[in-house]
Number of protein chains: 4
Amino acid sequence: MSKDDGHLIGKFPALPKQERAHQKREALMESGRFLFISKGYESTTAKEIAAHANVATGTFYRYFSDKRQLLMSLLEDQLEKIMPPEPTWVHGDPEYLLATLLAKHSEDLNKLGLHRVLPELLPHDPELAEVITNARLKIHFMMVEVLEQAHQESLTWTDLDLDSVSWAIIAVLEKLPQKEAESGSKADYEKIAKVICRMIFPPEIIEQLQSGEKTL
Amino acid sequence: MSKDDGHLIGKFPALPKQERAHQKREALMESGRFLFISKGYESTTAKEIAAHANVATGTFYRYFSDKRQLLMSLLEDQLEKIMPPEPTWVHGDPEYLLATLLAKHSEDLNKLGLHRVLPELLPHDPELAEVITNARLKIHFMMVEVLEQAHQESLTWTDLDLDSVSWAIIAVLEKLPQKEAESGSKADYEKIAKVICRMIFPPEIIEQLQSGEKTL
Amino acid sequence: MSKDDGHLIGKFPALPKQERAHQKREALMESGRFLFISKGYESTTAKEIAAHANVATGTFYRYFSDKRQLLMSLLEDQLEKIMPPEPTWVHGDPEYLLATLLAKHSEDLNKLGLHRVLPELLPHDPELAEVITNARLKIHFMMVEVLEQAHQESLTWTDLDLDSVSWAIIAVLEKLPQKEAESGSKADYEKIAKVICRMIFPPEIIEQLQSGEKTL
Amino acid sequence: MSKDDGHLIGKFPALPKQERAHQKREALMESGRFLFISKGYESTTAKEIAAHANVATGTFYRYFSDKRQLLMSLLEDQLEKIMPPEPTWVHGDPEYLLATLLAKHSEDLNKLGLHRVLPELLPHDPELAEVITNARLKIHFMMVEVLEQAHQESLTWTDLDLDSVSWAIIAVLEKLPQKEAESGSKADYEKIAKVICRMIFPPEIIEQLQSGEKTL
DNA sequence: GATGAATGAGCCTTCATTCAT
DNA sequence: GATGAATGAAGGCTCATTCAT
């Protein structure tokens with residue numbers, strides 16, 4: 001049904017103008033993403049992106065002021081997808097939950113794929129760096145909050161700095177894609193989840209949580 | 001005696017030729033390092049490096065076949081400095097030792113500084129990637145070995161996968177410079193060391209080690 | 001009609017796109033030819049060719065991958081023009097025919113002009129050398145064939161090696177432009193034709209042919 | 001005997017200074033000749049020539065103001081060697097004499113080898129061109145004179161322009177090295193000599209000369 | 001809006017030439 | 001005299017960006 005329903009004749013899609021434009025924009029972004037990931041940001045030229053999206057070079061510049069803006073749009077568009085859903089660790093087996101979370105997060109990142117180009121740019125593009133840092137901070141605060149909550153309930157180690165724990169967890173999280181890229185295979189999320197959990201919970205707490213005695 | 005005896009003031013260094021050449025090479029490498037770190041590898045031109053080292057463009061090419069080779073030399077020169085000395089965790093307070101190690105490692109990396117450019121290049125330079133991956137693997141194996149040893153002595157958690165622990169530690173280690181770059185200040189090595197140690201040792205073991213009862 | 005109808009005066013050519021592109025290519029080739037001839041192949045830069053054709057440097061590279069390719073195109077385009085039409089010496093006054101042929105050939109070469117750059121390149125560009133050698137061989141075989149035919153009819157010297165004769169003729173032919181370049185004036189084609197004819201025909205045969213007694 | 005007679009100790013030749021200098025100059029010229037011929041004039045760098053002659057780059061410029069001057073010296077030095085000895089065609093079998101001359105000339109040219117680089121330079125170096133043109137003219141006049149002499153004795157064709165004959169002969173002469181370079185083998189000097197002779201002498205004259213009846 | 005030819009600044013690299021040692 | 005490191009102008013080529021159609 002709707003506008004794409006086969007009433008098309010030949011190669012002239014009868015889409016509303018705005019829709020057509022939107023499609024082109026999308027195509028360019030997708031091409032940009034693909035090429036950035038395949039060959040790196042610097043090595044990808046605007047012309048290539050346009051060609052890959054089957055539009056003329058000039059068209060690129062109608063939709064984006066330059067290569068960088070396309071990247072920014074990619075990020076804006078999809079940064080929220082990186083945001084891990086608030087983990088509900090305290091409601092059940094935290095190791096299992098975390099392993100699931102890791103798998104999901106890793107998959108999301110891979111779908112997005114941009115983590116491969118960011119390192120290339122972050123150090124030299126403050127604005128971009130800020131966007132990313134903010135996203136990271138958001139995750140960090142979210143995680144600290146969760147840890148804090150668990151701390152309130154006396155579920156966590158009492159002698160560890162929650163901020164450092166949170167940061168360490170994020171460090172591990174962010175290194176995951178690299179690990180997988182280097183080894184060429186999926187990481188063993190369960191083992192890693194177990195390690196991460198140990199940073200947070202004493203073993204006996206985890207057992208309690210796993211046995212379901214102590215859910216929120 | 002004569003004109004070369006060091007009494008000269010001003011711009012006539014009068015060093016032995018080979019020395020002069022070596023100095024120039026060093027100056028170029030230092031300039032390369034500085035500029036790579038400041039403005040990124042791609043954005044740095046051979047001309048700039050030469051200018052920063054106060055030599056002509058052509059001189060750059062006398063000492064290096066190109067920018068990449070300069071980077072490789074930087075790495076070769078200093079990769080061993082990254083190599084953390086084998087930690088002797090089991091001989092004393094592991095938290096203290098690890099904190100010291102973190103501080104030292106972080107400082108080394110910062111002196112080297114290249115960790116900022118590597119991410120930019122690794123995905124697109126297989127040879128370079130291999131060099132780095134090898135170095136990382138070396139650290140990883142070293143760490144696994146140490147953990148294994150501790151494990152033999154029943155010092156470690158018995159339910160954690162040592163390989164994953166090792167990898168997580170390295171992940172944290174490698175994220176340190178980024179953390180410091182983003183926050184603009186030194187990390188709190190002691191708190192982080194504590195978190196890392198928790199991945200390895202049960203708290204009571206750490207206490208034992210700290211009290212010196214159970215050294216190797 | 002409207003703005004494209006040719007009534008425009010000034011700088012708006014308004015040709016169909018393809019035509020314009022073709023013209024630009026032509027202009028570049030012509031500029032290349034001119035500059036190669038004037039100042040030599042090596043001494044001519046792509047930038048100069050572009051400037052002479054009133055286009056930007058980059059435009060040169062849209063139409064040609066490099067200087068050499070432009071030269072190759074020049075040759076391909078015009079090599080057939082060098083090919084002398086098969087002479088019909090045996091049908092009439094051979095001296096007159098040959099003189100005409102020489103004049104024509106010389107004029108063609110001069111129009112083309114590339115004979116001035118070829119010597120510079122042939123020894124160091126095997127591919128180019130092959131192209132040229134093939135063209136020369138073609139002429140050689142054509143000439144041998146004609147001589148052979150004349151030989152069949154007992155028109156030629158009986159004691160000369162036709163292959164050597166053919167080669168000598170071509171040598172003379174190819175030296176013509178140089179002779180003219182050095183003296184700065186046209187060669188005396190009739191006198192030279194007479195000399196060449198003497199390499200082929202005994203004088204009495206020529207007389208016969210000239211008197212028309214013995215045409216094919 | 002003399003200065004080179006074995007009193008040398010180690011690697012310090014006890015040659016008079018001037019001699020040493022002269023040797024270096026010679027070595028540079030020989031290296032230049034070799035490299036010009038192998039890789040072309042333009043593609044040969046001063047540094048290469050120096051390296052090939054086992055001297056430092058700077059030394060090159062002590063003996064020659066630049067690459068071109070080295071070439072000029074090469075020519076000056078050896079141009080006379082190109083000069084064919086005045087042929088004494090009229091004293092014996094002209095075909096035999098000419099064949100010998102061709103062989104000798106060809107060998108000389110090949111020893112010199114510079115005929116390979118001249119075409120690259122002549123069109124764009126008027127001074128050089130003049131040197132060469134003069135040499136050629138000298139040969140031309142020499143040849144015309146000989147022909148004239150033969151003409152006086154009624155040995156030559158009476159209806160051919162001696163100037164054109166002379167020029168044609170030189171054309172053939174100068175194309176010889178190219179022919180040999182292209183075919184990769186020696187030319188058949190006897191056959192070619194026969195053709196050339198036919199441009200000059202009627203067959204019966206040649207027979208006379210060969211039979212020795214009519215020497216000068 | 002779309003096109004893609006055109007632009008030209010700027011990068012990489014080479015090499016003739018100089019000059020301090 | 002000899003050396004060879006240093007110089008820097010200049011050529012080849014790319015690519016982000018513009019603009020006439």
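All of these numbers come straight from a predicted model, not from anything done at the bench. Worth knowing before you read on, the calculation uses all heavy atoms, side chains too, and leaves out hydrogens, waters and symmetry mates. All chains are named by letter (A, B, ...) in the order of the sequence lines, taking the proteins before the strands, and each is independently numbered beginning at 1.
Between the CG atom of C:Leu71 and the P atom of F:dG12 there is a distance of 14 Å, rounded to whole Å.
Among all heavy-atom pairs drawn from B:Gly32 and B:Leu74, the shortest one is C-CD1, 4.5 Å. Residues C:Ala56 and C:Ala50 share a closest heavy-atom pair of O-CB, 3.6 Å. Of all non-hydrogen atoms in B:Leu128 and B:Leu71, the two that sit nearest each other are CD2-CD2, 3.9 Å.
C:Lys67 places no side-chain N or O within donor-acceptor distance of the main-chain N or O of C:Ile49, the cut-off being under 3.5 Å. Remark: side-chain polar atoms of B:Thr59 are not paired, donor with acceptor, to backbone N or O of B:Val55 under 3.5 angstrom.
Within residues 58-66 of chain A, the residues approaching DNA chain E are A:Gly58, A:Thr59, A:Arg62, A:Tyr63, by heavy-atom distance under 4.0 Å. Near DNA chain F, meaning a heavy atom under 4.0 Å from it, residues 26-36 of chain C has no residue at all. Annotation: proximity of residues 43-55 of chain B to DNA chain F (heavy atom, distance under 4.0 Å) is found for B:Val55, numbered in ascending order.
In this structure, C:Tyr61 has no ring pair (Phe, Tyr, Trp, His ring centres under 6.0 Å) partners at least two apart in sequence or on a different chain. Partners of A:Phe64 under the ring pair (Phe, Tyr, Trp, His ring centres under 6.0 Å) rule, at least two apart in sequence or in another chain, are A:Phe60.
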Going through the checks in order, is the salt bridge (Lys or Arg N to Asp or Glu O under 4.0 Å) test met by B:Glu127 and B:Arg68? CA-CA 11 Å; B:Glu127 189 191 337; B:Arg68 189 174 168 282; 2.9 Å; yes
Take C:Leu35 and C:Thr45 through the side-chain contact (heavy atoms from CB on, under 4.5 Å) test and state the conclusion after the steps. CA-CA 9 Å; C:Leu35 291 170; C:Thr45 72; over 6 Å; no
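Salt-bridge formation is not detected for the pair C:Glu30/C:Arg25: no Lys NZ or Arg NE/NH1/NH2 atom is positioned less than 4.0 Å from an Asp or Glu carboxylate oxygen.
When side chains are defined from C-beta on, B:Arg62 does not count as touching B:Lys24, because their heavy atoms never get closer than 4.5 Å. Side-chain contact check for B:Met29 versus B:Tyr63: every heavy-atom pair is 4.5 Å or farther apart.
In the helix from E:dA2-F:dT21 to E:dT21-F:dA2, the rotation axis of the first five pairs and that of the last five pairs differ in direction by 10°, rounded to 10 degrees.
For the OP1/OP2 pair of F:dA6 and a distance below 4.0 Å, the side-chain nitrogens and oxygens of B:Lys24 include at least one atom meeting the criterion.
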